[in-house]
Amino acid sequence: MFTRTPLRSALATATVVSLAAGGLLTLSVSAASAAPAKYADDFNGDGYRDYASAGLGGEFTVTYGTATGPGTVSKAFTQATAGVPGTAGDAGGYADSFGDDLAAADFNRDGYADLAVADSSEKVGTKAGAGAVTLLWGAKSGLSGTGAVRLKVTAHADYGFGDQVETGDFNGDGKADLAVTNGVDAVYVYRGGFSKSGTTGSVTKHVSADLLEPTGLVAGKVTKDKATDLFVLGQGYHDDKMTQDVWFLRGGSTVKSVKRTVVNSTKPDYSPTGVVADFNKDGYGDLAVSDTRYNSSAGSVVVWRGGSTAPTTKYRISQSTAGVATAATKGDNFGDSISAGDTNGDGYPDLAVGAWEETVSSKATAGGVHVLRGGTSGLTGKNSQWFTRATAGVPGSPSEFGCFGQLVRLRDIDRDGDKDLLVSSDYYDGGVLLPGTGSGITGSGAKQVPVVASFPL
């Protein structure tokens, strides 16, 4: 999954090291005791998807799903929650980042989804800013801190382990794995299965001499094999210039460094976001990644087309693309949050793109969301949609610094078979649900819901 946080990543030629003898332990795998959960985010096993919304300031919230969407039962988690290791609050001069990024999967295959919780600020022993990732376990009563455990890693001060987390079956064995970045130079892949005692499968560390501060992870199927692939986003360095790069790691029995590309050759985005979807339906997953620094921060989305062994060519979508509703202006931040899903039932994934600093009805930074259509040529501006607080049916009205579109998610939230669009203006006040229909998203029937659009995609 991919939540926005202060840091993220990028690279070139990679070195892969087994960590059995170098700081991380390769531990035995416990046998599965039940069929894995149907949904990777059904924490109480009732057959409905739940919503673990990342927050800021050391807290995240879980809202439980029902037959008609998010219910009224929710719970906030911090390091003060019973069973959760560590201490809530600032540590060693770092602001608490517990819950800044989340990744959901049934890690121990007991029929209940679990949650990996990032905390790059955590002080471990005497090492301030070493960082940690905590696993919280699901159960019939829902997610709790009971028995929570941390991933095993050698602590280093100021390394920010757990800056980003992402799940996927990276070796194709049918078990959920977990990828974790530190804030310096590395990606760690923990293989399943996981146990409540804290054991995992083998662990590998992936490093590049050209990687400067990993700042994002995106998982998805790019090639046609059964393994999940992994993109690392962040800062590169070329010709004495900081760049925004993407590094492709191909999944398989051995996760391999395959290819890197430059998204922005002059100005890196320090908190990029991305998603994998087959926008042109050719059988290969494409990466859509934000480049908000493009064109004086008017912003854009770069799509790296998937291929049989690695991604291939790239193209860019912006508010200057034909058919996109609004004009590109300085500071719009088009692409700051993105989410993919088929919104009109044509079989092609579409892309919701937030532009939260867009001026609407003369109100600066009122914000809005574009929905771009997928098709045989990939994403285009043709038949795209534009939603703001001024759209008929959407509650509220445009306001200065309203920031509508700061967070976006496409998902069938009301469980009627159509993808809906959830839009949030911040990490605290829930979101506006724009219903999906057989022909696309609509403002008609839009309503405020108590869920922030920062849950794993």
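Just the heavy atoms: all of them, side chains too, but no hydrogens, waters or symmetry mates, feed the values below.
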If you take all heavy atoms of [X] and [Y], which pair is closest and at what distance?
| X | Y | answer |
| --- | --- | --- |
| K419 | L410 | CD-C, 4.4 Å |
| P268 | Q235 | CB-CG, 4.1 Å |
| V360 | A390 | CG1-CB, 4.3 Å |
| K259 | A310 | CD-CB, 4.2 Å |
| A176 | A105 | CB-CB, 3.8 Å |
| G138 | D110 | O-OD2, 4.2 Å |

- Query: Per the side-chain contact (heavy atoms from CB on, under 4.5 Å) rule, which among D229, V255, L178 passes with F170?
  - Reply: V255
To the nearest 0.5 Å, how far apart are [atom1] in [X] and [atom2] in [Y]?
| X | Y | atom1 | atom2 | result |
| --- | --- | --- | --- | --- |
| T261 | Q244 | OG1 | CD | 10.5 Å |
| T72 | Y64 | OG1 | OH | 12.5 Å |
| L217 | D163 | CG | CG | 8.5 Å |
| F98 | T78 | CZ | OG1 | 7.0 Å |
| W386 | E358 | CH2 | CD | 4.5 Å |
| F161 | L151 | CZ | CG | 5.5 Å |

- Query: Taking 4.0 angstrom as the limit, do R250 and D225 come out as a salt bridge?
  - Reply: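 Counted as a salt bridge, because a side-chain N and a carboxylate O are separated by less than 4.0 Å.
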- Query: Does a salt bridge link K281 with D342, judged by any charged N lying under 4.0 Å from a carboxylate O?
  - Reply: no
Go through the side-chain N and O atoms of [X] and [Y] and say whether any donor and acceptor fall under 3.5 Å apart.
| X | Y | value |
| --- | --- | --- |
| W137 | N108 | no |
| T292 | S290 | no |
| S253 | N171 | no |
| R409 | S424 | no |

Is it true that a side-chain atom of [X] and a backbone atom of [Y] form a donor plus acceptor pair closer than 3.5 Å?
| X | Y | result |
| --- | --- | --- |
| D96 | G57 | no |
| S121 | S97 | yes |
| D169 | T228 | no |
| N280 | S377 | no |
| T181 | Q164 | yes |
| D106 | G111 | yes |
| D177 | G192 | yes |
| T254 | K256 | no |
| T391 | G443 | no |
| T146 | G83 | no |

- Please, which pairs that meet salt bridge (Lys or Arg N to Asp or Glu O under 4.0 Å) have at least one residue in residues 429-452, sequence neighbours excluded? none
Side chains of [X] and [Y]: does their closest heavy-atom pair fall under 4.5 Å?
| X | Y | value |
| --- | --- | --- |
| V73 | T63 | no |
| S339 | L457 | yes |
| V263 | D245 | no |
| R191 | T204 | yes |
| F404 | V394 | yes |
| R411 | Y51 | yes |
| R389 | S425 | yes |
| V180 | V187 | no |

- Given D114 and L136, is the side-chain contact (heavy atoms from CB on, under 4.5 Å) satisfied, shown in steps? CA-CA 6 Å; D114 312 303; L136 274 62; over 6 Å; no
- Criterion salt bridge (charged side-chain N to carboxylate O under 4.0 Å, His left out) on D269 and R293, from CA distance to verdict: CA-CA 6 Å; D269 182 343; R293 302 296 298 277; over 6 Å; no
- Message: Run V275 and L351 through side-chain contact (heavy atoms from CB on, under 4.5 Å) and show every step you take.
- Response: CA-CA 9 Å; V275 64; L351 190 72; 3.8 Å; yes
- Residue pair S257, L249: steps toward the side-chain contact (heavy atoms from CB on, under 4.5 Å) verdict: CA-CA 5 Å; S257 169; L249 298 172; 3.9 Å; yes
- Message: Working note: V133 + Y190, criterion side-chain contact (heavy atoms from CB on, under 4.5 Å); need CA distance, chi angles, decisive distance, verdict.
- Response: CA-CA 12 Å; V133 174; Y190 290 75; over 6 Å; no
- Query: Hey, what's the ring geometry for F231 with F248, parallel, tilted or perpendicular (30° and 60° as the breaks)?
  - Reply: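 F231 vs F248 ring planes: tilted.
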- Message: Run the side chain to side chain donor-acceptor pair (under 3.5 Å) test against D426 and tell me which residues pass, sequence neighbours left out.
- Response: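 D426 satisfies side chain to side chain donor-acceptor pair (under 3.5 Å) with no other residue.
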- Task: Identify, with sequence neighbours excluded, every residue that meets side chain to side chain donor-acceptor pair (under 3.5 Å) alongside D332.
- Result: Q319, T329
- Listed by chain and number, what are the side chain to side chain contact (heavy atoms under 4.5 Å, CB included) partners of Y315, not counting sequence neighbours?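 Side chain to side chain contact (heavy atoms under 4.5 Å, CB included) check on Y315 returns V303, R305, I317, L379.
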- Message: Holding to side chain to side chain contact (heavy atoms under 4.5 Å, CB included), I want the full list of residues that pass it with R316, two or more places apart in sequence or in another chain.
- Response: D291, Y294, S300, V302
Scan the side chains in residues 369-376 for donor-acceptor partners under 3.5 Å anywhere in the protein, sequence neighbours excluded, and list what turns up.
{"residue": "H370", "atom": "NE2", "partner": "T326", "partner atom": "OG1", "Å": "3.1"}
{"residue": "R373", "atom": "NE", "partner": "N383", "partner atom": "O", "Å": "3.3"}
{"residue": "R373", "atom": "NH1", "partner": "T343", "partner atom": "OG1", "Å": "2.9"}

- Give a yes or no on whether K75 atom NZ has more than 12 heavy-atom contacts from other residues, nucleotides or ligands under 6.0 Å away.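 It does: K75 NZ has more than 12 such atoms within range.
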